[in-house]
Amino acid sequence: MPPEHPVTRAIKDEGACDIRDSGRQNINFSFTLTAFFIDRKGGRQLSQRRYPCSWSEKQMHNIAIIGGGIAGISVAIQLIQQAKTGMSLTVFDKSGQFGRGLAYQPRQVAHLLNVPAGKMSLDPKAPDDFLLWLARQPAFAADEPAVLAQAYLPRALFGDYVEQRWQEARNRAVQQGITLELRPQAVTALDLANPKAPQLQSDGQWLSFTALVLACGNELPHHPAGVLALTQHPAYVQNPWSDAWLAKLRPDSKVLILGNGLTMVDTLLSLRAAGLKTPVLSVSPHGYGMLPHRHPGLQLSQFSQALPQQASLRQLLRLFNRARHQVRRLGVSAEPLIDALRPHTQRYWQQFSTAEKTMFMRRLRHLWGVARHRVPLHLHDQLQQQRLYGLLEVHAGQVVQASAAGEQLNLQICSRVHRDVAAQTFEFQADLVMNCTGPEQDYRKLAGHPLQQAIVAGVLAAGPLGLGLAADVTSLRLKNGNGAVYPAVYGIGSLLRGELWESTALHEIRQQAQLIASEIMT
């Protein structure tokens, strides 16, 4: 930490715990402040100076949330609901998209939720909250609630719901005397040397809090090996959720999509909505086709009841395959079995050994993803029609080499259109190459990222298999490089992927947000 730390300077000059923050508002400090100097290379503590604060240990909550998307805002709403007068809450988000996040913006009308409306609620105590909100909207007032609960609605509509609930929470904060500040700024560094007073750096300032919640959300996809040399080329799009590529798109553009999951579906819909008329090529390592939601509401109670409390990966595979043969004999596909496993996956994942987790990631992850992350039936029909008419071609393979050709990219692709067909290499000249391979989950690979720097310094630790961050799954408190649990630093959502595996759906997010708020306010 720099010697001229603004907090240190203010303490010395004023001798008080009420410090002006960027000329906007007062940030209250109700703890014994410790200023630490950090070795830039190793992140080790070199010296320590204490500045006494006149307030008692029963301090007012002064909380920071890093991330203003669904995860961060869910925590903020829960904190406001549980807080007492006097709490101070600051939310940081580098995009400035507080509430909706990037996935639920108004422009995403063509993109649908891949979860039925009946399961979409921000409130863990009111699982039908979104349905009740829909019933009050004129467009859905005449719809049967049971049918509406099974509907796959536009993501932008869910964003409207989130926006309203967030505004209501902000109004409640004002009424309850809670200080709420939204900062459209990036957090560039963390200092957790004082476990009870975590600090972060933003906009060149170091700020201290009594609790810190990391709700960073999904990162951009990693660069596939075949295009590493051309990641700065204008034809390469690392972030398919941005609008930057729209200016480059023409009706006759040749587009290659890397990946064949839910992001590919959304990107294809966006391309068609923007006027693209030409066929699109999708390339992924396995080339598995997307599956639809074919059996809404079907519950396999016998299979659920037969699931043991503890099981190895091999035992679960045996149970699953036995049940899969039984349901297929009756003409039912295996997706409901995945749904039956969903409530138990976090428990099983924690029981698996490192070897079992590694085997799952190498051999079963993609199969699980296809069966787990399905698309609405009518969207699946559209995909099938595009493939039938030659507007979408899916290959199992990868880009092995890429070279620039003016504004285009020349790509060599090694692929097979069917597992029984030998792999072939062919060339494809693309006007746009869109990376839809999914978010990077290993922060150790994100050079310059604040969390990568924290892991290198031992301030934080990578989660199992390098996925997300290491955490105590009971309290969701994060761990340092030595395995010690921080008393006031929490993680939520995708940050817990390595610890819980299933940790990114709204069902998990709302439960985690409620738990974190309860832990902080206790």
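Residues take their numbers from the sequence shown, with the count starting at 1.
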From CA spacing to verdict: side chain to side chain contact (heavy atoms under 4.5 Å, CB included), M521, L79: CA-CA 8 Å; M521 302 310 298; L79 284 169; 4.0 Å; yes
Give the C-alpha distance, both sets of side-chain angles, the deciding distance and a yes or no for ring-ring contact (aromatic ring centres under 6.0 Å, His included) between H111 and Y104. CA-CA 9 Å; H111 299 165; Y104 303 104; over 10 Å; no
Could you walk me through whether D472 and S475 satisfy the side chain to side chain donor-acceptor pair (under 3.5 Å) test, starting with their C-alpha distance in whole Å, then the side-chain angles of each, then the deciding distance to 0.1 Å, before giving a yes or no? CA-CA 6 Å; D472 170 51; S475 64; 2.6 Å; yes
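Remark: the S121 side chain and the D123 side chain contain no N/O donor-acceptor pair separated by less than 3.5 Å. A donor atom on one side chain and an acceptor atom on the other are not found under 3.5 Å apart for E502 and W349. For the residue pair Y288 and N260, no side-chain donor N or O sits within less than 3.5 Å of a side-chain acceptor on the partner. For the 3.5 Å distance criterion, the side chains of Q167 and N171 qualify, holding a donor opposite an acceptor. Between the side chains of Y486 and R477, not a single donor N or O lies within less than 3.5 Å of an accepting N or O.
Between Y152 and H293, the two ring planes are parallel [angle under 30°; tilted spans 30° to 60°].
R328 places none of its side-chain heavy atoms less than 4.5 Å from the side chain of S333. Side-chain contact check for L212 versus L190: some heavy-atom pair is nearer than 4.5 Å. The shortest distance between side-chain heavy atoms of L182 and R170 falls below 4.5 Å.
In this structure, R387 does not pair ionically with E393, as no charged nitrogen and carboxylate oxygen lie closer than 4.0 Å.
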